[in-house]
Amino acid sequence: MSMLTDLLASLFGMALLNGEKTFWLPEQASTAAKNVDWIFMFIYWLSTFFFVLIVGLTILFVIRYRARPGHKEQPSPSHSTLLEVTWSVIPSILLFFIFYYGYKGFMDLVVPPSNSYEIGVTAQRWSWNFTYPDGYVSENLHVPVDRPIRLVMTSEDVIHSFFVPAFRVKRDIVPGRYNVTWFEATKPGSYQIFCAEYCGTGHSDMLAQVIVHDTGEFDRWLEESSGFLDKLAPAEAGELLYKQRGCKQCHTLDGTIKIGPSFKDSYGIDHVLTDGSTVLAEENYYRQSMLDPQSQIVAGFDPVMPTYKGRLKDKEVTAIIAFIKSLSPYGAVEAETETPTESEAQPETDSATDDLD
Amino acid sequence: MNGSDSTTTADSAAGYSSAQASSDNYLTHGKGIMSWLGTLDHKRIGVMYLGCILFSFFLGGIFALLIRTELLTPGKTIVDADQYNQLFTLHGAVMIFLFLIPGIPAALGNFALPLMLGAKDVAFPRLNLMSWYLWVIGAIFAVASIVMGGADTGWTFYTPYSTSTDTAVISMVTGAFILGFSSIFTGLNFLVTIHRLRPPGMTWFKMPLFLWGIYGTAVMQVLATPVLGITLLLLIVERTLGFGIFDPALGGDPVLFQHFFWFYSHPAVYIMVLPAMAIMSEIFSVFSRKHIFGYKFIAFSSIALAILSFLVWGHHMFTSGQSALANFVFSALTFSVSIPTAIKMFNWLATMYKGNIHLDTPMIYALTFMFTFGIGGLTGLFLGALATDIHLHDTYFIVAHFHYTMFGGTVIAFLAALHYWWPKMFGKMYDEKLGRIAAGLVFIGFNTTFFTQFIMGSQGMPRRYYHYLDEFTIYHQISTAGSYLMAIAFFLMLYYLVKSLVSGKPAPANPWGGNTLEWHMTSPPPYYNFKEAPHVGDPYDFSDLEWDEKTGGYVSKSGRGAS
Ligand SMILES: [Cu+2]
Ligand SMILES: [Cu+2]
């Protein structure tokens, strides 16, 4: 297969061999890309041939047989079974080849090798969460080079689709089920992830990067990142979580209103809910807002916030609350007095160690 | 009317009395608005449909221009993200449900089908009128969604987005539901008409190929549209009553919706394309002055497409997670659909061979159809092949592909047919030179708009994107420039068509030399179509027709006319 692939690749799209971006196709950065591309170029040249044939004949006939003084239509048969059969059978044979290689290429695209490294993908309006085997969650996808990666994907809300043009991979992410896809990156670097299935207001902002690390570097990166809850102050860790877990798609830090209320000056004041009641924003309120958002809807907003129950650990919730507090004049004062209690509580719930096993 | 003398000559040559020609045609028979709104005449219903459909096309076009203008820059240009989402939803829904699906069958088909068949009217004239009223009601619901906050689901209404977004989805869906019934009634009417109202001598294989195409279309309208109806109803039930059919949060399956939806909407693609091909078969033959090549193959390929189109819906869902086996089957079946299409293209080419090709406006459109629909069909191969579809699905490549089939196919054919039958419908000739210029501008504008979209699509630009990455800017800007050029072309068309109604030269009975029955009657046709059963001959035998300088049309050498 691979010799044939190489031969065909060189025949049909010279520039593709070194994997650079061509007129038609983006850069090739996965093992699948080459496979897909030669099929693309094969269909491309075949189509070009038929297109030139059809349009060429059309133009030729118009020139030769156009109505002009002295020209008349000339008799010719108005049916020919032989011709009809010819132009049905030849395309059929060619189509069979396209179908066959298309299917073969597809099977390579969807069946992950058994030794794949597994990463969980959670899509939600309008951000991505990638969960590594040790439980660490990031907003961009980090992977080692030259190693098959298996993505097990699900959605918190509507249908999304995981699309990396440079890898020629795309798979819908459907709520209520796990869709799987895989790829093996061939070049370190950073590649665009798009959401390809329309999912509302922020659909076109639902972007992320695949960051392909050199072999050893990936493990180092994961080890370093996973410990951030222990290394950073709670408010700093909270800010990181705010960025990584999709809160920033809906909540701003500067007082402007996006999909949800801004976190600026949120802590310590009364919030009006849709049922008319008011509630003082303090730790428990925030906790419930994250773990059971549908139970208290802030007046003037839609109930679109996904639940983070089971997706944010206690310690992470605490960190986010610390971060929200730090954005409010009330919180900033209180934070100083409360710091000791919080740091005392930390060793008890050391979830980082839990995740390692 | 100046020049009525020459019309009269043509008419008597065609076997009609001059009195009938000048006083009583379907346009003058009955005056006042009620004589239109309550009419049972298929020709008038066709004209009413035409007016409505052209207006929808205008509306859908405005939405398209707004979308293209927004996409001039990667960030915000004129509208915000939510408005943009509503715009592409409206553009899609209006163009598909209000314009493309009813376009050729309900407007032009209604006018031409009974005439070409040799019938006095369709089988159920009241049902025909009712389908027009349903169209109007459905259109009101669909367009009313704009003032009710707009729908933002895309024309595909995918769940669970459509069941959870808080926009005016129900109004839009109700509109599509009602429009479905309008479409079913039209299809039913045409089926029965073709089966029951053929005059003596009009055997199946004497029927013009336009009728074969419309027949295949009608089969799909009647069999597929009810599925859309029930699907949309289920969607409404889920939204209003919280039944868990599609929403996984309620125990439903969102992908089930996609199966249901495409079970209708793939045949719907052929509901739009088959009539377009049907028109091409008429035009290539008439304007090449040659018998159509491979009549039976073209006729049967229409039926084959109608049947096969029911078996390929799954090719819209290759990335959805459906099983590899399902993908295998749907991919294979998808390729089988391209054979009948290829057969038709080759037969049209063979029809031109050794002909005497007249480059009038309808033929210019037909020739550009070979180019644009050729690209539309061939790019389908990339999408039928599984490996490449995975990369191209939901990118601008898809957008470009279906515009090359829906615009490059259906709209171009619609324009060809409009210019072909315009003289017959309204008894007036349009400015031929402006007609050709507009056709050329449409062609250039269209390719500029959409060819660039193939490139950005295969480079990875996803569809339905409000913001986009800087690297795609240049493609978007070229595309938008093309769309403005098309807009100019359409305004030019509007100008010369309206002008032709006001001050156009009276049309002869047979300006292009067609031999189907409608060309053997006056332009516009008499109210009763045929006084007695018409003589039916080979619709593609032009040997009896001869150019007549005096009338500016073709007349029968044997003086036989319609009978
Ligand atoms: Cu999306
Ligand atoms: Cu389809």
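Chain naming here is simple, since letters A, B, ... match the order of the sequence lines and numbering starts at 1 in each. Computed from heavy atoms alone, side chains included, the values below leave out hydrogens, waters and symmetry copies. All of these numbers come straight from a predicted model, not from anything done at the bench.
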Relative to each other, are the rings of [X] and [Y] parallel, tilted or perpendicular (30° and 60° limits)?
X	Y	answer
A:Tyr101	A:Trp38	perpendicular
A:Phe194	A:Phe163	tilted
A:Phe61	A:Tyr65	tilted
B:Phe318	B:His315	perpendicular
B:Phe373	B:Phe369	parallel
A:Tyr198	B:Tyr161	perpendicular

Heavy-atom cut-off 4.5 Å, strictly under: side chain, backbone, both or neither for [X] against chain B?
X	answer
A:Leu46	neither
A:Phe167	neither
A:Arg64	neither
A:Val55	side chain
A:Phe40	both
A:Ile54	both
A:Val110	neither
A:Ser155	neither
A:Leu60	neither
A:Pro75	backbone
A:Arg177	side chain
A:Gln192	side chain

Tell me, out of A:Gly105, A:Gly176, A:Ala196, A:Ala32, who's got the most heavy-atom pairs with chain B below 4.5 Å.
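It is A:Ala196.
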**OP:** Verify whether one side chain among B:Gln322 and B:Asn327 offers a donor that lies under 3.5 Å from an acceptor in the other.
**Re:**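 The answer is yes; a qualifying pair exists.
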Testing A:Asp172, A:Asn179, A:Thr181 for side chain to side chain donor-acceptor pair (under 3.5 Å) with B:Thr319, which one passes?
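Per the side chain to side chain donor-acceptor pair (under 3.5 Å) rule, the option paired with B:Thr319 is A:Asp172, out of A:Asp172, A:Asn179, A:Thr181.
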Is there a side-chain contact between B:Phe293 and A:Ser80 (heavy atoms, below 4.5 Å)?
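A side-chain contact exists here, since the closest heavy-atom pair is under 4.5 Å.
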Among [options], which residue forms the greatest number of heavy-atom pairs with chain A at distances under 4.5 Å?
options	answer
B:Phe346, B:Tyr158, B:Tyr466	B:Phe346
B:Gly374, B:Ala324, B:Ala332, B:Ala342	B:Ala332
B:Asp152, B:Thr156, B:Thr167	B:Asp152
B:Ala81, B:Ala385, B:Gly321	B:Gly321
B:Phe88, B:Trp348, B:Tyr84	B:Phe88
B:Asn347, B:Leu367, B:Leu392, B:Thr395	B:Asn347

Exercise. Give, as side chain, backbone, both or neither, the part of B:Thr153 having an atom under 4.5 angstrom from any heavy atom of chain A.
Key: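 For B:Thr153, the contact with chain A is made by the backbone alone.
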Check your understanding: Relative to chain A, which segment of B:Gln83 carries a heavy atom at a distance below 4.5 Å: side chain, backbone, both, or neither?
Key ->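 It is neither, since no heavy atom gets under 4.5 Å.
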(Q) Please check this pair: side chain of B:Ser331 against backbone of B:Gly384, looking for a donor-acceptor N/O pair closer than 3.5 Å. (A)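 Side chain of B:Ser331 to backbone of B:Gly384, a donor-acceptor pair under 3.5 Å: yes, one is there.
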### Message
Between B:Asp394 and A:Lys170 (salt bridge meaning N to carboxylate O under 4.0 Å), is one present in this structure?
### Response
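A salt bridge is absent here (no side-chain N lies under 4.0 Å from a carboxylate O).
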Between CD1 on residue A:Ile297 and OG1 on residue A:Thr274, distance to nearest 0.5 Å =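 Answer for the CD1-OG1 pair, A:Ile297 versus A:Thr274, is 6.0 Å.
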